[in-house]
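We count ligands from 1, going down the list as the structure has it; atoms in each ligand are counted the same way.
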Amino acid sequence: MDIKKQLNDVRNQALKELDDIKENTDIERWRVRYMGKKSQLAEIMRGLSDVPIEMRKTIGATSNAMKAELETALIAKEQEIKNLELAKSAEDAIDVTLPGRIQHQGHIHPVTQAIEEICGIFEGLGFQIVEGNEVEWDHYNFDALNIPKEHPARDTMDTFWMKGGSKPETDWKMLLRTHTSPMQARTMESTPLPIRIVVPGRVYRYEATDATHLAMFTQIEGLAVDEGITFADLKGTLNEFVKRFYGPDRKVRFRTDFFPFVEPGAEIAVSCAICGGEGCRVCGNSGWIEISGCGMVHPSVLEMAGIDSTKYSGFAFGLGIERIPMLRYGIEDVRNYYSGDLRFLRQF
Ligand code: DAH
């Protein structure tokens, strides 16, 4: 018989059978039959020695091409069966041996956690939570807080000024608030007494960033105004806050400090939790960690807001938030908070 025809018949037969195959075990059988050492193809090739040399060449080429064709068809078939099996197992079975997929769950940012905890404590003490604007007039950020133009205290808060922002018929200029204190002035101006508020929010300083400084950070402002409020109320409130937030064993220290919008002004520190007041790296060997500025609302600030300073008095305080989880968890670089690095954030 014509060898070429023989080859062609084998090829056609092989492809037809392959086409009908639906399972892996049949593939193996097919491979042995058509591509193995005892396959028809191999047999035909062995018979080639009887064929004249010229013909042998062309038949050799044909059979090689055929082998390649069968191999390609085989690979395609194997893939087809694999896909079929995958689809089938996905359809009707859960592979309990597969490792589970981690479901990443979002959670509250550490700074927001601190805000919520602190605001919760002040709510428990009868304070209301209000939020102000991050874009603010210099009037509320400075003037209404007893920091007039040219006052040196303005230099301590490098300011982002908004281009072209000014209020018609005034000399007010627009800025990104440098502290949450402007909400003191706004609230006193617009809210009936008595006032007890805390104001969490972002503030901005035109500063170079480093491990302890950010151009954007977070504060919580506190304000209480009523008849007969004294420094003892300020101390009592902040003592209570420290006990509830930092724990009953922490000591509180008040020292005089200056802020234009309070008189007298003070700085509050709590005893260092790391060394218990002995002095360590975290507290800069002082045994104390400063947490807040505070004081009695300056009479001029009350008067500017339309409050009779002979009848009413108030206290105010301002806490920086980023420092709090830093001290609690030993975070060494404040820039971590806002880098968006999930490896950092997932720890809290
Ligand atoms: N606003 C001040 C600052 O950002 C902090 C501050 C000090 C707020 C004393 C107060 C206060 O309410 O009484 O540096």
Side-chain angles (χ1 to χ4, degrees), residues 115 118-119 122 125 127-134 136-147 151-160 175-189 195-207 212-225 229-239 241-242 252-270 289-302 304-305 307 309 313-324 334:
I115 291 176
I118 294 168
C119 285
F122 282 106
L125 296 173
F127 286 72
Q128 232 180 317
I129 298 166
V130 296
E131 282 174 302
N133 304 324
E134 291 173 29
E136 185 53 281
W137 298 114
D138 64 344
H139 170 75
Y140 290 109
N141 196 84
F142 292 125
D143 301 71
L145 293 171
N146 218 14
I147 315 173
H151 191 289
R154 288 203 182 198
D155 294 343
T156 64
M157 293 184 181
D158 291 312
T159 308
F160 287 108
L175 47 70
L176 292 180
R177 66 178 176 193
T178 59
H179 50 176
T180 44
S181 305
M183 273 309 280
Q184 288 189 33
R186 279 184 179 273
T187 309
M188 286 190 277
E189 202 176 80
I195 290 169
R196 272 177 190 75
I197 55 158
V198 282
V199 189
R202 290 193 166 162
V203 303
Y204 300 83
R205 305 265 172 102
Y206 186 45
E207 276 183 341
T212 53
H213 292 88
L214 289 174
M216 181 207 79
F217 56 101
T218 318
Q219 292 185 333
I220 293 185
E221 192 79 12
L223 174 72
V225 185
I229 289 198
T230 69
F231 204 93
D233 297 306
L234 170 61
K235 283 186 84 173
T237 304
L238 290 175
N239 269 328
F241 163 70
V242 169
V252 187
R253 182 188 73 183
F254 286 80
R255 292 208 302 200
T256 51
D257 200 348
F258 174 77
F259 303 95
F261 35 94
V262 283
E263 180 58 36
E267 155 237 287
I268 317 158
V270 294
I289 290 165
E290 288 160 27
I291 58 162
S292 174
C294 66
M296 299 304 292
V297 181
H298 197 291
S300 311
V301 173
L302 291 172
M304 278 188 274
I307 295 173
S309 67
S313 55
F315 68 74
F317 57 88
L319 291 155
I321 302 303
E322 276 79 4
R323 268 167 63 85
I324 291 169
V334 70

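Closer than 4.0 angstrom to ligand 1 lie heavy atoms from Met157, His179, Ser181, Gln184, Arg205, Gln219, Glu221, Phe259, Phe261, Val262, Gly293, Cys294, Gly295, Ala316, Phe317, Gly318.
Shortest non-hydrogen contact noted between Met188 and Val301 is CE-CG1, 3.6 Å. Considering all non-hydrogen atoms of both residues, Arg323 and Ile289 come closest at NH2-CG2, 3.1 Å.
Under a cut-off of 6.0 angstrom, the local environment of CD in Glu207 is crowded, with over 12 non-hydrogen atoms contributed by other residues, nucleotides or ligands.
You'll find the ring centres of Phe122 and Phe317 inside the 6.0 Å limit.
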Inset, instruction - Run the numbers on Phe254 and Phe231 for side-chain contact (heavy atoms from CB on, under 4.5 Å), then give the verdict. - result: CA-CA 11 Å; Phe254 286 80; Phe231 204 93; 4.3 Å; yes
Legend entry - Test side-chain contact (heavy atoms from CB on, under 4.5 Å) applied to Glu322 and Thr218, step by step: CA-CA 7 Å; Glu322 276 79 4; Thr218 318; 2.6 Å; yes
